[in-house]
Amino acid sequence: MTEYDFEEIETRWQARWAEAGTFEVTENPAHPKYYCLEMLPYPSGDIHVGHVRNYCITDVVARYKRMRGFNVLHPIGWDALGMPAENAAIQRGVHPEKWTRSNIAGMKRQLQRLGFSYPWSREIATCDPEYYRWNQWFFLRMLERGIAYRAKSPVNWCPKCQTVLANEQAEGGECWRCHSTVEQRELEQWFLRITAYQDELLDDMEELGNWPERVLVQQRNWVGRSTGAEVDFPVEGADPIRVFTTRIDTIYGATFMVLAPEHPRVDALVTGIPDEARVREAVARLRSQDRRARQAGQVEKEGVFTGRYAKNPFGGERIPIWVGNFVLMGYGTGAIMAVPGHDQRDFEFARRYGLDVRVVIQPEGAVLDGGTLEAAHAGPGRTVASGEWSGLDSAEAIARMTVFAESKGFGRGTVTYRLRDWLISRQRYWGTPIPVVYCPKDGLQGVPDEKLPVLLPKDAPFTGEGGNPLENVPEFVTAKCPRCGGAARRETDTMDTFVDSSWYFYRYLSPRKADGPFDARSARYWFPIDLYVGGTEHAILHLVYARFWTKVMRDLGLVTLNEPVVRLFPQGMVHKDGQVMSKSRGNTIAPDDVIRRYGADTLRLYILFVAPPEDALEWKEEGIEGAHKFVLRVWRLVDRHATDFASAIRTPIPAELSEPARALRRKVHQTIQRVTSDVEERIHLNTAVAALMELYNKISEVEEAIAEGPERAVLREAIEALVLLMSPFTPHASEEMWERIGRRRFVVDRPWPAADAAVAREESVELAVQVGGKVRARIVVPRDADEHVVRPQALAAVAEHVRGKEIVKFVVVANRLVSVVVR
RNA sequence: GCCGGGGUGGCGAAACUGGCAGACGCCAUGGGCUCAAAAUCCAUUGGGCCGCAAGGCCCGUGCGGGUUCGAAUCCCGCCCCCGGCACCA
């Protein structure tokens, strides 16, 4: 027997594919295209089995589509800017670029060893100046259009590290690196106006029919569109205060008003009231409460009466104005009308401070009373005690009262969103420099296109203290004003790395293009992306940013698409010891060891077989032997027939076949159907692998019976089909086996086997016969036999169970079962 | 609290639109080959019971109800797990 030397076989075929440029593609209008994309990895140091899983899924689909005649683009690159590289510089004195490049080299070797079908000539790294110059170019276009802007905003600031931190880097209110308590600071920062697209981000979801609903739901919540009304409440002795409410129908139940402690009117309102000092102190205390805890509702509701009163614009009633910690300045208008009878938060606040609770909405079939209410009734009902608006259904009341407020000029229907503009400033070295300079004379100036890229200086002091290293590189900071030519200061903020990943999939189309971010004609050919596979954890951030970016590109006239991705497939995460596998958790498993012991084909097969691709997967190696044994078994099967198949001429399949030969052909064509639909429709690669195993089992069952004589052609058909069907999963072994049975040319260039539906169809079927819902017998009948044929046979088979009983009903489910109902 | 997804053998999992629950694989047990072991091949493998045997019976998809000739699948009410969002007015 020829030994299965996977190491030798795999590296040899990898070299042959590379030599032949097998996976290099160009636009070819003669073939339908398929853009198969995976989320590019951050070069943290090692490919781990979480990456492997992601890339195995796309590789199987890419190879399958290729065999189906598609021109397949399946590229890879590196999300190469970001904090870990800079931290390595701080902690170990390695330059971020050096660290990153060496990680990329190592991870690239790992990916190549797995045999993924990448066109390596299209590889990109976002830390390459020829990549990030286009980040800068996009930024300038956005600056011109007012999409990019500078504004003050409260941000997480670490006093020890002297830098702004992203939210996820300040978890629990502590700096992730030095564990100092993070402060809230008002700082001037760069933003992208994603809120200009908030409605489109929601409405264009109609084009995303092939995205999982749960991702769309998450995005919908993230945008958080909420329809309601703004209402101005007149204030005694001051200008009116505007509130936002989704429930204007409850306005007669408003017994007080609450302002956020940060509300700009608070200061003026409390000026001059009798116990001003005490109230100011209370407000200051509320303001200093931990913002995060306040937002999360983990702080008990607290407030203070301002001593001032407002007037309900509907009922005219006088209501006290409070300041409360549960009202947030970042949402709506930062002020609410409090309706304790119909809002749980207002209710809790009212009970604590003994404020009036009034019922103005009565639910169906109940009579609520404000004095005895134990919780707010937040649901719908009929308006009561609401003056001329009483007796209306909630929805109708909302509509009519909004119109009334508008007609009187004290309110209007409005929509609020939870989505905030995207803060892209980072006080970090290893990111894309924001291409602007500040001139004392001309102010903020964008760097002219022809001066791009604004390069990161090679050397900077990586001390981890004293803020952004770029600020301490005088040659970088010193700039010339593009307008007046005078001395100017260069912006030292760099961009959030989510910018890089928002459009990288366009760069793959023309990765070396020097006069633009990508080639528009290539984009017309390849876009939209047909399949995008990546971790569920990116359901919002990355995927919202990417959608936003494409819309901006469309408005810049660069593309004609609304949405870049037709089908999204979020693959389940790989866990280890109950936790998501990731470098930052330090629980990664690299594929190298498994490859050394079993080879890449076994690893690929195993990782796809062990669970459905969308499910979370706990990494264990217990079943890996099974996958390896399967490859070995097929290897030996091929080995037994290789010489013969390679030398003998191909004989046609005889017209008359024995039952075992017919059964095998049936199985072959059923397997083709099954694997095709599992890969194509549901991407259920685990059941596709199971089907391949079943086919092998069937072949080995009848192998001896048909190994000699003319029926050998059936065996040959079966083995060839098996090798071809396996090839997206175990490409190297398949190439090798294909060659050994005397077939020329790459398996990857072969057409996918075609299923013959007539052959696949069963000739006769076994039906279960139920009596009273229990299976009592089995009968064999011709396929699609109707009741005429089935009934006598079925009744004979269950004679002792129906004897002496009346047959009430006789159900035949074709090719499945028979159900006899007796009395 | 709200929104998603899910609970099926010792384990990973199958079961397309209500139609034979447990495909496929792991583990385990028994057997063949071997001086022996590894590898490999064959058989058994949800639980319980009856039978010398061929074979047969009962129970079983988180829990409790329901619809149906028939429910892992549909409906109602619970319990638990995972993911996301969260004083969002």
Side-chain angles (χ1 to χ4, degrees), chain A residues 212-222 224-226 228 243-247 250 258 260 293-301 324-328 330-339 342-346 348-349 378 416-418 536-537 539-540 570 572-573 575 578 580 605-606 609-612 614-618 620-627 629-630 632-633 636 674 677-678 681-682 684 686-697 700 766-778 807-822:
Chain A
E213 184 57 27
R214 73 197 140 89
V215 172
L216 298 181
V217 166
Q218 275 189 49
Q219 294 204 355
R220 228 173 264 132
N221 293 340
W222 184 256
R225 181 159 68 188
S226 160
V243 304
F244 174 75
T245 178
T246 56
R247 293 296 303 274
T250 64
V258 188
R294 262 181 67 200
Q295 264 176 13
Q298 287 155 357
V299 178
E300 209 180 330
K301 287 182 187 51
N325 61 352
F326 71 104
V327 178
L328 305 168
Y331 187 80
T333 62
I336 61 158
M337 63 176 206
V339 185
H342 304 287
D343 182 286
Q344 188 56 27
R345 294 156 300 180
D346 301 348
E348 287 165 25
F349 192 84
T416 61
Y417 298 83
R418 215 191 52 175
T536 334
E537 70 273 22
I540 21 188
M573 287 187 273
H575 294 224
V580 174
L605 192 74
Y606 170 67
F609 175 62
V610 75
E614 68 269 33
D615 284 8
L617 155 60
E618 174 70 26
K620 287 183 200 150
E621 288 180 19
E622 277 158 23
I624 204 155
E625 288 278 355
K629 270 194 247 173
F630 172 67
L632 267 173
R633 277 195 273 252
R636 280 194 297 263
R674 173 94 187 269
S677 71
D678 280 351
E681 287 152 33
R682 297 194 301 162
H684 267 205
N686 56 326
T687 52
V689 174
L692 294 171
M693 290 172 168
E694 283 187 53
L695 175 57
Y696 166 81
N697 291 346
S700 77
E766 192 183 70
L767 301 188
V769 184
Q770 297 184 338
V771 180
K774 292 192 196 306
V775 179
R776 296 299 182 185
R778 284 161 210 288
I807 294 168
V808 182
K809 201 169 178 180
F810 191 89
V811 183
V812 178
V813 182
N815 304 326
R816 295 221 171 248
L817 57 62
V818 170
S819 184
V820 187
V821 188
V822 293

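Basis for what follows: all heavy atoms, side chains included, without hydrogens, waters or symmetry-related copies. So that the names make sense, note that chain A is the first sequence line, chain B the second, and so on, each numbered from 1.
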Practice prompt. Would you mind reading off the distance between A:D678 atom CG and B:A15 atom P, rounded to a whole angstrom?
Written response: 8 Å
Discussion item. Any base atoms under 4.0 Å from A:Q344, or only sugar-phosphate, or nothing? Heavy atoms, all strands.
Written reply: nothing
Discussion item. Would you measure the distance from the C1' atom in B:G62 across to the matching atom in B:A72 and give it in whole Å?
Written reply: 12 Å
Discussion item. Of the listed nucleotides (B:C69, B:A14, B:C11), which one gets closest to any side-chain atom of A:N686?
Written reply: B:A14
Worksheet item: What distance, rounded to whole Å, do you find between the two P atoms, one in B:U45 and one in B:G25?
Response: 15 Å
Worksheet item: Under 4.0 Å: is that the gap between some side-chain N or O of A:R776 and OP1 or OP2 of B:C57?
Response: yes
Worksheet item: Is A:R674 near enough to B:A23 that one of its side-chain N or O atoms lies under 4.0 angstrom from OP1 or OP2?
Response: no
Practice prompt. Using a heavy-atom cut-off of under 4.0 Å over every strand shown, decide if A:P612 touches base, sugar-phosphate, or nothing.
Written response: sugar-phosphate
Worksheet item: With under 30° as parallel and over 60° as perpendicular, where do the rings of A:Y696 and A:F630 fit, or are they tilted in between?
Response: perpendicular
Worksheet item: With rounding to whole Å, what would you report as the distance between B:C42 and B:G47 at their C1' atoms?
Response: 26 Å
Discussion item. Using the side-chain heavy atoms of A:R214, tell me which of these nucleotides is nearest: B:A89, B:G12, B:G4.
Written reply: B:G4
Item to complete: Using the P atoms only, state how far B:G6 lies from B:C75, rounded to an integer number of Å.
Response: 13 Å
Item to complete: Output yes when at least one side-chain N/O atom of A:K629 is less than 4.0 Å from OP1 or OP2 of B:C26, else no.
Response: yes
Worksheet item: Looking for any heavy atom pair under 4.0 Å, which part of the strands does A:Q218 touch: base, sugar-phosphate only, or nothing?
Response: sugar-phosphate
Fill in: Separation of atom CD in A:E614 from atom P in B:G83, rounded to whole Å
17 Å
Worksheet item: B:G25, B:U40, B:C69: which one has an atom nearest the side-chain heavy atoms of A:R636?
Response: B:U40
Discussion item. Can you tell me if A:N221 touches the phosphate of B:G4, counting only side-chain N or O atoms and a distance under 4.0 Å to OP1 or OP2?
Written reply: no
Discussion item. Which is more 5' along RNA chain B, the nucleotide nearest A:Y417 or the one nearest A:V610? Just name the residue.
Written reply: A:V610
Item to complete: Give none if B:U73 has no partner; otherwise give the nucleotide forming a Watson-Crick or G-U wobble pair with it, both distances under 3.5 Å.
Response: none
Worksheet entry | Proximity to the side chain of A:S819 - top-ranked nucleotide from B:C69, B:A14, B:A89 | B:C69
Item to complete: Could you work out which one of B:C24, B:C41, B:A89 sits closest to the side chain of A:A690?
Response: B:C24
Worksheet entry | Between OG1 on residue A:T687 and CZ on residue A:R674, distance to nearest 0.5 Å | 5.0 Å
Worksheet item: When rounded to the nearest Å, what value does the distance between C1' atoms of B:A53 and B:C26 take?
Response: 34 Å
Practice prompt. Could you work out which one of B:G84, B:G12, B:A89 sits closest to the side chain of A:I540?
Written response: B:G84
Worksheet item: To the nearest angstrom, how far is A:E694 atom CD from B:G25 atom C1'?
Response: 11 Å
Worksheet item: When rounded to the nearest 0.5 angstrom, what distance separates CZ in A:R418 from CH2 in A:W222?
Response: 6.0 Å
Worksheet item: Considering only the P atoms, how many Å lie between B:A28 and B:C80, rounded to the nearest integer?
Response: 36 Å
Worksheet item: Going from CD on A:E766 to CG on A:N815, what distance comes out if it is rounded to the nearest 0.5 angstrom?
Response: 12.5 Å
Practice prompt. Select base, sugar-phosphate, or nothing to describe what A:V327 touches, counting heavy atoms under 4.0 Å on all strands.
Written response: base
Item to complete: Report the distance from atom CG of A:L617 to atom C1' of B:G83, rounded to the nearest whole Å.
Response: 16 Å
Discussion item. Heavy atoms only, 4.0 Å cut-off, all strands: where does A:D346 land among base, sugar-phosphate and nothing?
Written reply: nothing
Practice prompt. Give a yes/no answer on whether the side chain of A:K774 brings an N or O atom under 4.0 Å of OP1 or OP2 in B:C59.
Written response: yes
Discussion item. With rounding to the closest Å, how many angstrom separate the P atoms on B:A14 and B:G22?
Written reply: 15 Å
Show me the donor-acceptor pairs within less than 3.5 Å that the side chains of residues 212-220 of chain A make with the rest of the protein, sequence neighbours left out.
unit_1: A:E213; atom_1: OE2; unit_2: A:R220; atom_2: NH1; d: 3.4
unit_1: A:Q219; atom_1: OE1; unit_2: A:R547; atom_2: NH1; d: 2.7
unit_1: A:Q219; atom_1: NE2; unit_2: A:A539; atom_2: O; d: 3.0

Worksheet entry | N/O (side chain, A:R345) to phosphate O (OP1/OP2, B:C88) under 4.0 Å | yes
Worksheet entry | Gap between atom CG of A:N686 and atom CG of A:L605 - 0.5 Å precision | 11.5 Å
Item to complete: Can you see which heavy atom on A:N325 is nearest to which on A:K301, and at what distance?
Response: OD1-CA, 3.5 Å
Worksheet item: Which glycosidic conformation, syn or anti, is assigned to B:G9 if syn requires a torsion within 90° of zero?
Response: syn
Worksheet item: Between B:A89, B:C69, B:G25, which one does the side chain of A:K809 approach most closely?
Response: B:C69
Worksheet item: Under 4.0 Å: is that the gap between some side-chain N or O of A:R418 and OP1 or OP2 of B:A86?
Response: yes
Worksheet, complete the sentence: Among the nucleotides B:G19, B:A89, B:C24, whichever has the atom closest to the side chain of A:V813 is B:G19
Worksheet entry | Contact under 4.0 Å: A:R247 side-chain N or O vs B:C88 OP1/OP2 | no
Discussion item. Say we look at B:U67 and B:G18: how far apart would their C1' atoms be, to the nearest angstrom?
Written reply: 12 Å
Worksheet item: Where each residue is assigned the nucleotide of RNA chain B containing its nearest heavy atom, which of A:L632 and A:A616 is assigned the position nearer the 5′ end?
Response: A:A616
Worksheet item: Under 4.0 angstrom, heavy atoms only, what part of the nucleic acid is A:V217 near: base, sugar-phosphate, or nothing?
Response: sugar-phosphate
Discussion item. Rounded to whole Å, please give me the gap between CZ in A:R816 and P in B:U73.
Written reply: 17 Å
Practice prompt. Go through the structure and list residues passing side chain to side chain donor-acceptor pair (under 3.5 Å) with A:Q344, not counting sequence neighbours.
Written response: A:E348
